[in-house]
Amino acid sequence: MLQPYIINSINAIILIIVGLIVYFIHPERPMLALVAPGLGIMLLASTYHLKKHNRFVTHTVTALTLLAAVVIIMRLNAAGEEWDTVHALLFFMGLSCLLTAGVFIGSFIKERRLRNNRIYKDDL
């Protein structure tokens, strides 16, 4: 299993790149489309602290990633609209955030079962 900071970096890069693509593809260029790249920059900035296993940052990043997944997926208005490129990219970003939150929660569970932080000793 990959370490949480690596998954966080991949998710942040996905949010930045795909979010900018959504912004430039959309004809009106709404400012709301820049929320995902902004969140990606914040998540990328927290990668150093995730690597140092700061628990507060880890829990905060997990909550923000899960919140981002819910918000991005809620932006998908599947009630009658046709799926276009923007909807597919939004779905991809939401799925990426959900998978990242799942990896974070999985690492919390694995660390709790080991009870001696062995999961992180391989990384230091």
Side-chain angles (χ1 to χ4, degrees):
M1 185 164 108
L2 289 175
Q3 294 294 330
Y5 68 91
I6 295 172
I7 297 295
N8 182 58
S9 298
I10 293 169
N11 183 44
I13 290 170
I14 287 172
L15 286 175
I16 293 169
I17 292 173
V18 176
L20 288 175
I21 290 172
V22 167
Y23 175 74
F24 287 115
I25 280 180
H26 212 278
E28 294 93 29
R29 299 208 197 298
M31 294 304 285
L32 184 64
L34 293 176
V35 171
L39 182 66
I41 291 171
M42 288 190 306
L43 290 175
L44 198 59
S46 67
T47 301
Y48 173 76
H49 298 288
L50 284 175
K51 190 172 184 178
K52 295 296 180 185
H53 309 296
N54 185 331
R55 287 183 189 245
F56 175 74
V57 173
T58 303
H59 293 298
T60 304
V61 166
T62 302
L64 283 175
T65 304
L66 196 56
L67 181 66
V70 169
V71 169
I72 290 171
I73 291 176
M74 291 299 288
R75 281 189 58 201
L76 293 174
N77 190 5
E81 289 186 18
E82 292 184 24
W83 277 67
D84 56 355
T85 308
V86 173
H87 287 95
L89 291 174
L90 284 173
F91 181 74
F92 177 65
M93 285 192 299
L95 185 64
S96 170
C97 287
L98 279 177
L99 291 175
T100 302
V103 168
F104 288 153
I105 293 169
S107 71
F108 294 155
I109 292 170
K110 189 173 181 183
E111 179 185 0
R112 177 66 74 172
R113 284 187 181 160
L114 292 177
R115 291 191 187 262
N116 62 358
N117 289 337
R118 255 194 338 215
I119 186 172
Y120 294 127
K121 288 184 180 174
D122 300 334
D123 205 27
L124 298 176

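Quick caveat, the model's predicted, so the values are computed rather than measured.
Atoms NZ and OH, from Lys52 and Tyr5 in turn, are 10.0 Å apart once rounded to the nearest 0.5 Å. Atoms SG and CG, from Cys97 and Leu43 in turn, are 7.5 Å apart once rounded to the nearest 0.5 Å. Rounding to the nearest 0.5 Å places CD1 of Ile25 at 5.5 Å from CG of Leu89. One distance of note links CG of Leu95 with CG of Asn11; it measures 10.0 Å at 0.5 Å rounding. Between Ile7 atom CD1 and Thr100 atom OG1 the span is 6.5 Å, to the nearest 0.5 Å.
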Pair Leu66-Leu98, side-chain contact (heavy atoms from CB on, under 4.5 Å): steps then yes or no:
CA-CA 6 Å; Leu66 196 56; Leu98 279 177; 4.2 Å; yes
Go through it in stages, so that I can follow the logic: the residues are Ile72 and Arg75, the test is side-chain contact (heavy atoms from CB on, under 4.5 Å), and I'd like the CA-CA distance, side-chain angles, deciding distance and then a yes or no.
CA-CA 5 Å; Ile72 290 171; Arg75 281 189 58 201; 5.7 Å; no
Would Lys51 and Thr47 count as a side-chain contact (heavy atoms from CB on, under 4.5 Å) if you check the C-alpha gap in whole Å, the side-chain angles of each, and the deciding distance to 0.1 Å?
CA-CA 6 Å; Lys51 190 172 184 178; Thr47 301; 5.6 Å; no
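Looking at heavy atoms from C-beta onward, Pro4 lies out of side-chain contact with Thr58 at the 4.5 angstrom threshold.
Here the closest non-hydrogen pair linking His87 and Leu76 is O-CD2, 3.4 Å. Closest approach of Ala101 and Thr65 over heavy atoms only: N-CG2, 4.1 Å.
Across Ile13, Val18, Ile10, Ile14, a single residue satisfies side chain to side chain contact (heavy atoms under 4.5 Å, CB included) together with Ser96, and that is Ile14.
A single hydrophobic cluster is not seen to contain both Ile73 and Leu64; linkage of ILVMFWY side chains at heavy-atom distances under 4.5 Å, directly or through other members, places them apart. Both Ile6 and Leu50 are members of a single hydrophobic cluster when ILVMFWY side chains are connected at heavy-atom separations under 4.5 Å. Hydrophobic clustering places Val22 together with Phe92 (ILVMFWY residues linked when any side-chain heavy atoms are closer than 4.5 Å, directly or through intermediates). Follow the hydrophobic side-chain contacts under 4.5 Å out from Met93 and you reach Ile21 in the same cluster.
Summarising the local packing, OH of Tyr23 is surrounded by more than 12 heavy atoms from other residues, nucleotides or ligands at distances under 6.0 Å.
Shown here are the side chain to side chain donor-acceptor pair (under 3.5 Å) partners of His59, two or more places apart in sequence or in another chain: there are none.
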Report, one line per pair, each donor and acceptor closer than 3.5 Å where one atom sits in a side chain of residues 28-42; sequence neighbours left out.
from  : atom 1 : to    : atom 2 : distance (Å)
Glu28 : OE1    : His26 : ND1    : 2.9
Arg29 : NH1    : Phe24 : O      : 2.7

